[in-house]
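Only heavy atoms go into these numbers, but all of them, side chains included; no hydrogens, no water, no symmetry mates. The structure displayed is predicted, hence computed values, not measured ones. Sequential numbering from 1 along the given sequence is applied to the chain's residues.
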Amino acid sequence: MATQLINTSERCVDELLEGLVAGNSGLVLLPEQRVVVERGWLTGQRKGVAIVAGGGSGHEPFSAGFTGEGMLAAAVAGPVFTSPPSASIVSAITAVGKDNPDGVLVVVFNYTGDRVNFGLAVERCRAAGMKVGMYVNGDDSALARISGTAGRRGLCGTMFVLKIVGAMAQSGATLEQALETCHKLGSAMGTIGFAASGCQLPGAPKPLFTVPEGMLELGLGVHGEKGAATIKAGTASEVMTALLDNLTREDSETRLDLQKGDDVAVIVNNLGCTSELEMGILRREVVIQLKQRGINPLRVYQGSLMTSLDMKGVHIAVLRILDPSWVAFLDAPTTALAWPTPIIYKGGEDEAFSMPECGLNLSAREALGSSYTLDNPAHVQTLRACLESLVAKVPQHEDLLNALDSGCGDGDCGTTLLLGIHAITEQLLRLPLTQPAALLASLSDMASASMGGSSGGLYSILLTSAASHLAAHFSEGVSSRARWAGALRKGIEAVSKYGGAKPGDRTMLDALAPAVEALDSADDAHSLKAVLGAMATAADLGAKSTANMKARAGRASYVRAENVTGEDAGARAVACMLQALATY
């Protein structure tokens, strides 16, 4: 086990951010949030379009290190390798977007958890009256085919977006202009990388994966997952040749179409544990080899921009300069600490400030509780019994779910689910059981705040959409069964929209969708226990069917097929919860 200089794994992210603001009075850490804001936005000194980005921690200096004039107005951090909860993202957007007529641009990396949680936060802030645009970047060029996957991952090429669009916003660009430039940049870049070793999570006894001696993992992401292929190690020149060949290979759907005569900007990104000596040699190699291919590297940036903890490896990001103004925006000054400003030859006391009001009630539980109510005490008692069965019986499945998740994830599906179950246990006596829509909204808030990551965000989106539908489509002439089936179908549609998956992609939907179909086809004369039993049976069969499916969404879609075995953990989790509800 490698020595880690941390105090506790539980507070390592918080202490990292506290250390950042301790030495930089121009940055503010929002109380009780993992959100760093450039102070000028809080004092009213800064105006214009505000840029917000973030994601899981472990990638330092991203994202807080890029907060400053000319780049990010605010950055939000999640746990290590886990998307931040939507509530934290809402706080970040609100801090720089409330009463801001120019609006907020949220830049998101193309990972399921980030899309879900940032998407949910954006929707909530828009509902609260804020002007918010969202751009999801995917610059990964490792996969020859993107069909059947969750799409191109967001990697260090996204830093080009943050720098160029941040400088545009600083110069007075509108939100619409910034979004248009984001899309142009996204189509003009590609990123490819390698690793010689895996990374080790804080407090973990061993790395997430190992690389055989004399080999390299080629085309990997930044979350500790293995690459798309394993290749032989070689000299810096040989490795760079392999990287550029894969970046531009003609049979790849994600290739960067470099043409002779192109001007480009390049990032040579240290994944965390590559020596500066090696980094300098690799920078030399990328410049030499690009020039040999007839490409002109106008700007070359080197450093640790987006790391993967202590992984030994490098990502190379290349941006085709399709607009000359992009170079000027790259060269524009920024106070962001982590941007590696190259040398280009061209001839006190903390201020008092008042925090903007961030305490928005975006769940709208008051409105949700005004339509569909349970007036029969027996029905309320049955609902309470279902929830009591849920919190009593689901914990026994923690080890099973973690084991199912260990092959293609980080092995914490069961542990994450139990965070939500514990939250329900703590709030059970205070839940609005007579108001089903408000109950679902409360459960949504708990899932988002307590679970985090992809699963917390997905459950929160499912419950939020179902709650809205349940309240908005109340009708005396519709049975309770049909009303709940319609609400859950809307929830599934929202999960598919933001999570990027559909039934058959080896996700939670493969258990949830057949369960809702069972509910939809049930007879209104059947008892609740019979209906829940049919749903549990359908979910169980759906979960079992995932053992033979190819992963086409989520983190598992990036893992080689031989490492994706057994049932999908998310689908089995749905089946376990429905079984608990059915046996109240």
Angle class for the Y301/F160 ring planes (parallel below 30°, perpendicular above 60°, tilted otherwise)? perpendicular

Would you find more than 12 non-hydrogen atoms of other residues, nucleotides or ligands less than 6.0 Å from R284 atom CZ? no

Under 3.5 Å donor-acceptor, D568 side chain and A571 backbone: yes

Tell me, with the steps shown, if D540 and R572 meet salt bridge (charged side-chain N to carboxylate O under 4.0 Å, His left out). CA-CA 7 Å; D540 176 65; R572 177 47 61 187; 3.0 Å; yes

Heavy-atom pair with the smallest gap, counting every atom of F62 and F109: CZ-CE1, 3.0 Å

With side chain to side chain contact (heavy atoms under 4.5 Å, CB included) as the criterion, how do M311 and L220 come out once you've worked through the C-alpha distance, each side chain's angles and the decisive distance to 0.1 Å? CA-CA 11 Å; M311 183 181 290; L220 71 165; 3.4 Å; yes

Report yes or no: does Q289 contribute a side-chain atom to a donor-acceptor pair with the main-chain N or O of S237 at less than 3.5 Å? yes

Using atom types as modelled and distance alone, determine if a side-chain donor or acceptor of S57 lies under 3.5 Å from a backbone N or O of A77. no

Residue pair L208 / C199, side-chain heavy-atom distance below 4.5 Å: yes

Please find the pair of heavy atoms, one from I295 and one from Q259, that lie closest to each other, and give the distance. CD1-O, 3.0 Å

W339 versus M71, closest heavy-atom pair with distance: CB-SD, 3.9 Å

Starting from the C-alpha separation in whole Å, work towards a yes-or-no answer on side chain to side chain contact (heavy atoms under 4.5 Å, CB included) for T181 and M168. CA-CA 9 Å; T181 300; M168 286 181 62; 3.3 Å; yes

H59 side chain vs T307 backbone, donor-acceptor pair below 3.5 Å: yes

Kindly determine whether R283 and V266 satisfy side chain to side chain contact (heavy atoms under 4.5 Å, CB included), including the steps that lead there. CA-CA 9 Å; R283 175 167 57 180; V266 182; over 6 Å; no

With a 4.5 Å heavy-atom cut-off, do F118 and P84 have their side chains touching? yes

Sub-3.5 Å donor-acceptor pair from the side chain of R115 to the main-chain atoms of N110, do we have one? no

Distance (rounded to the nearest 0.5 Å) between L243 CG and L218 CG: 6.0 Å

Shortest non-hydrogen contact from V80 to G58? CG1-CA, 4.5 Å

I need the minimum non-hydrogen distance between M159 and L305, along with the two atoms involved. CG-CD2, 3.9 Å

Quick one: CG on L105 to CE on M134, what's the gap to the nearest 0.5 Å? 10.5 Å

Exactly one of L271, V211, L216 clears side chain to side chain contact (heavy atoms under 4.5 Å, CB included) with F194, and that residue is L216

Heavy-atom side-chain proximity of E18 to R11 below 4.5 angstrom: yes

Result of checking S83, S448, S86, S460 against N117 for side-chain hydrogen bond (donor to acceptor under 3.5 Å, both in side chains): S83

Are D245 and R249 close enough, and set up right, to give a salt bridge (charged side-chain N to carboxylate O under 4.0 Å, His left out), and what steps lead you there? CA-CA 6 Å; D245 284 348; R249 54 185 287 193; over 6 Å; no

Can D510 and T546 be counted as having a side-chain donor-acceptor contact under 3.5 angstrom? no

Before giving the answer on side chain to side chain contact (heavy atoms under 4.5 Å, CB included), spell out for L462 and L512 the whole-Å C-alpha distance, their side-chain angles and the decisive distance to 0.1 Å. CA-CA 10 Å; L462 171 74; L512 187 59; 3.8 Å; yes

Is T248 reaching over with its side chain to a backbone N or O of L244, donor-acceptor style, under 3.5 angstrom? yes

Within the structure provided, determine whether M577 and L417 are in side-chain contact (heavy-atom separation under 4.5 Å). yes

From L20 CG over to L16 CG, what is the distance, rounded to the nearest 0.5 angstrom? 7.0 Å

What's the spacing between L27 CG and L72 CG if we round to 0.5 Å? 10.5 Å

When you check the side-chain N and O atoms of Q33 and S88, is any donor under 3.5 Å from an acceptor? yes

Do E278 and V314 touch side chain to side chain, with heavy atoms closer than 4.5 Å? no

Is there a donor-acceptor pair under 3.5 Å between the side chain of Q4 and the backbone N or O of L201? yes

Is there side-chain contact between Q302 and L282, with at least one heavy-atom pair below 4.5 Å? no

Intermediate values then yes/no, salt bridge (charged side-chain N to carboxylate O under 4.0 Å, His left out), R34 and D14: CA-CA 7 Å; R34 289 169 172 168; D14 303 281; 3.0 Å; yes

Sub-4.5 Å side-chain heavy-atom contact between V122 and Y498: no

Any donor and acceptor pair, going by atom type alone, linking the side chain of D114 with main-chain N or O of G55 inside 3.5 Å? no

With R153 as reference, evaluate D139, D140, N137 under the side-chain hydrogen bond (donor to acceptor under 3.5 Å, both in side chains) test and give the passing residue. D140

Please determine, by modelled atom types, if S454 and T112 share a side-chain donor-acceptor pair under 3.5 angstrom. no

Main-chain N/O of Q396 paired to E398 side chain as donor or acceptor, under 3.5 Å: no

Going by heavy atoms in the side chains, are T149 and L143 under 4.5 Å from each other? yes

Strictly distance-based, threshold 3.5 Å: is any side-chain N or O of N402 a donor or acceptor partner for the main-chain N or O of C413? yes

Are T507 and D505 linked by a side-chain donor-acceptor pair shorter than 3.5 Å? no

Rounded to the nearest 0.5 Å, what separates atom CG in D412 from atom OG1 in T82? 6.5 Å

Heavy atoms of S197 and D310 approach each other most closely as OG-O, 4.5 Å

Once you round to the nearest 0.5 Å, how far does NZ of K232 lie from CE of M215? 7.0 Å

